[in-house]
Amino acid sequence: MTIRTRFAPSPTGYLHIGGARTALFAWAYARRHGGKFILRIEDTDVARSTPEAVQAILDGMNWLGLAHDEGPFYQMQRMPRYKEVIAQMLAAGTAYHCYTSSEELDHLREAQMANKEKPRYDGRWRPEPGKALPAVPAGVAPVVRFRNPLDGVVAWDDGVKGCIEIANAELDDFIIARADGAPTYNFCVVVDDWDMGITNVIRGDDHVNNTPRQINVLQALGAQVPQYAHLSMILGDDGTKLSKRHGAVSVMQYDEDGYLPEAVLNYLARLGWSHGDEEVFTMEQFVQWFDLDHITSSAAQFNTEKLNWLNAHYLKSAADTRLAGEAAQRLARRGIDPEAGAPLEKVVALYKDRVTNLNELADALEPFYVVVQPSAEMIAAHLTEPVRAALKVLRDRLSSCIWEKAAISAAFKETLTACALKMPQVAIPLRVVLLGQPQSPAIDAVLEVLGRDEVLARLDRYL
RNA sequence: GACCCUAUCGUCUAGAGGCCUAGGACAAUACCCUUUCACGGUAUGAACCGGGGUUCGAAUCCCCGUGGGGUCGCCA
C-alpha cells in the first residue's frame with residue numbers, strides 16, 4: 001500500500017509556523033515512504049475563508065519548497081459528494097434530523113455548565129426503538145446529526161502519543177450538516193480522507209478530540225481508518241501560546257525578515273523531532289531520517305536565537321551569486337542600485353559570514369553604494385591631525401600601487417612605519433571615512449573591493 | 001468543571017531498566033585567534049517536577065499529586 005498523507009489548512013489566514021511544521025512533517029513522511037503528499041483546502045467556512053488566504057498558503061508552501069503531488073483540492077467543490085454521503089447515512093439510520101434550535105442548544109449548554117457537567121447534546125431527536133420523538137416544529141430547517149455509538153470505547157494507536165482511548169459516553173451526536181445543508185468540518189474531513197485514500201493523518205494536537213468522532217463516522221461508513229499522528233503545538237518565544245499578536249506570523253514574514261527557507265525548514269524539522277545529535281542537515285537527509293518515533297510528544301517553545309544561528313550558518317555556506325541576487329532585491333527596495341559600484345558578489349563575500357540575515361547583509365552592503373555621511377562628532381573623534389597626515393601619506397601610496405590586496409596591505413604597512421602609528425590607529429579612522437562606521441572586514445580587503453577610484457574619491461572628501 | 005495529552009540544562013533535545021559521575025546544539029561566561037568588529041577555535045557553568053511503588057538496579061516501567069497544554073460550536 002502506498003503511503004498517502006495530506007496537509008489540510010483552512011484558508012482563514014496565512015500559513016503560520018505551526019502549520020508549516022505540520023506540512024513539513026506530513027510532506028516528509030510521504031517522501032520518506034515513497035508516497036504521495038496531498039494538499040487540501042478546507043474552505044467550508046464560507047464566512048471566514050478568503051481567496052487571499054488560499055494564495056498566502058500556496059505562497060508559503062512554495063517558498064518552503066513543500067511540493068504536493070495531488071491537489072489542491074477544495075472542499076467547496078465537493079459539496080455534491082458530501083450531500084450524497086449524508087443522504088446515504090440518513091437512509092441507513094447512522095444519521096438523523098434534529099430540530100433543536102441554536103437558542104435551545106445554548107440554554108442546554110448553560111444549564112449543563114451551571115450543573116458542572118460536560119456540555120453536550122442530549123439526544124432528544126435521536127431515534128430509538130420504542131422512543132417517541134417530539135413533534136416536528138413547523139418552519140424549522142433541521143440539522144443532521146451523526147448517531148454516535150452509546151457504549152464502548154474508541155481507541156487508536158497514535159503515531160506520536162501512543163495508545164489513546166476515549167469512551168463513547170464522552171461523545172455526543174455531533175452535527176454533520178447545518179440547517180442550510182452545508183456539511184461541517186468533522187464530516188468533510190472524514191469523507192475526504194476516505195475518498196482520497198489517506199493512509200496517514202499527520203496533524204496538530206488540537207485535533208486529538210476530533211479523532212474519535214471521525215473514527216466513528218469512518219466506521220459507520222465502512223471505511224478504512226487511517227493511521228493518526230498528532231503533533232504537539234509550538235509555543236511562542238516566551239513560552240505562551242502563539243497568537244496573532246505574537247509569534248504566529250506568516251512564514252512569508254520570515255522571508256521578509258531575511259531568513260533563508262532552508263534555515264527555517266531545518267529549524268522546524270528539529271523542533272519536536274530529532275535524529276540523535278544531528279542539528280544541521282539537508283532536506284534530503286531529513287527525508288531519509290524522518291520517522292514518527294522520534295517526534296516529541298510535548299509542546300515545544302520556539303527559539304528565535306537558534307533559528308538565527310541556523311540562518312547565519314546557511315548564509316555562510318550559500319553561494320555568493322545567490323546572496324548577491326537576494327541582496328540586490330533588498331537594496332533595490334531601498335532605492336539603491338549596486339550596478340555602478342563595487343562588484344556586489346565580492347562585497348557579499350566579505351560580509352556573508354558576519355551577518356545573521358539578508359536584511360543585515362543589505363545593511364552591511366549599503367555603505368558601498370551610497371554617499372556615506374559619518375557624523376561631525378565621529379569625524380572629529382577619529383580624524384585627528386596625526387591621523388589626517390597619515391591618511392595623506394596613505395593616499396599617495398594607494399594612488400600608485402598595484403590594486404590588489406597584498407600591494408594595498410604593503411602600502412598600508414609602509415605608511416604605518418613612516419608615521420610611527422599602529423594599524424588600528426589608521427584603519428579605524430579610514431573605515432569611518434570610507435564606510436561611515438569604525439568596524440568592517442579586513443581593511444585591505446575592503447579597499448580592494450571598493451576600488452581605487454572610489455577609495456581616493458571618498459578620502460578626498462575629508463583630506 | 002469534564003475529558004484527553006504532557007513533564008530531562010534558560011531553550012530545542014539525546015536517552016527504549018544497568019553503556020548516565022545524564023550526551024549534543026542554541027544562548028551565557030572565560031580564554032585563544034586577530035588589523036577593528038565579527039567569524040572561527042577551546043573551555044566552563046547549567047537539567048532528570050514532587051511523592052510513593054516495581055526491580056539486585058529507574059531519567060527510563062506503574063500509581064498519586066503538582067505544573068503546563070488541548071478540547072468541549074450549525075469554526076476548522
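Just the heavy atoms: all of them, side chains too, but no hydrogens, waters or symmetry mates, feed the values below. Below, chains carry the letters A, B, ... as their sequence lines are ordered, and counting in each starts from 1.
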Going by atom types only, do [X] and [Y] share a side-chain donor-acceptor pair under 3.5 Å?
X      : Y      : value
A:T304 : A:D237 : yes
A:T100 : A:E104 : no
A:T5   : A:R32  : no

With a 3.5 angstrom cut-off on both distances, give the Watson-Crick or G-U wobble partner of [N], or none if there isn't one.
N     : value
B:A28 : B:U44
B:C74 : none
B:C9  : none
B:C20 : none
B:U54 : none

Quiz item: Quick one: are A:L435 and A:F368 in side-chain contact, heavy atoms under 4.5 Å?
Solution: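 Yes, side chains in contact.
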Within a radius of less than 6.0 Å around [atom1] of [X], do more than 12 heavy atoms belonging to other residues, nucleotides or ligands occur?
X      : atom1 : value
A:Q373 : CD    : no
A:K316 : NZ    : yes
A:M79  : CE    : yes

Closest heavy-atom contact between [X] and [Y]?
X      : Y      : result
A:A8   : A:E42  : CB-OE2, 3.4 Å
A:P367 : A:V372 : O-CG1, 3.5 Å
A:Q112 : A:P119 : OE1-CA, 3.3 Å
A:N303 : A:Y267 : N-OH, 2.6 Å

Among [options], which nucleotide sits nearest the side chain of [X]?
X      : options             : result
A:I428 : B:G69, B:C74, B:U36 : B:U36
A:S409 : B:G70, B:C74, B:U35 : B:U35
A:V208 : B:C4, B:A76, B:C72  : B:C4
A:E305 : B:G70, B:C5, B:A27  : B:A27

Practice problem: Could you list by number each residue of residues 120-127 of chain A showing a heavy-atom separation from RNA chain B of less than 4.0 Å, or answer none if no residue does? | Solution: none
Quiz prompt | Audit row: A:R431, A:S440, side chain to side chain donor-acceptor pair (under 3.5 Å) steps and yes/no | solution = CA-CA 7 Å; A:R431 288 182 170 103; A:S440 84; 2.7 Å; yes
Self-check item: Letter per nucleotide, 5' to 3', of nucleotides 12-17 of chain B [B base touched, S only sugar-phosphate touched, - untouched; heavy atoms, 4.0 Å]
Solution: BSSS--
Quiz item: Atom CE of A:M76 and atom P of B:A76: how far apart are they, to the nearest Å?
Solution: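 About 10 Å, once rounded to whole Å.
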Inter-nucleotide [atom1] distance ([N], [M]), Å rounded:
N     : M     : atom1 : value
B:C5  : B:G41 : C1'   : 44 Å
B:C12 : B:G68 : P     : 16 Å
B:G51 : B:U66 : P     : 15 Å
B:U55 : B:G45 : P     : 38 Å

What are the atom names and distances for every N/O pair under 3.5 Å that joins the protein to nucleotides 40-42 of chain B?
unit_1, atom_1, unit_2, atom_2, d
B:G40, OP1, A:K316, NZ, 3.0

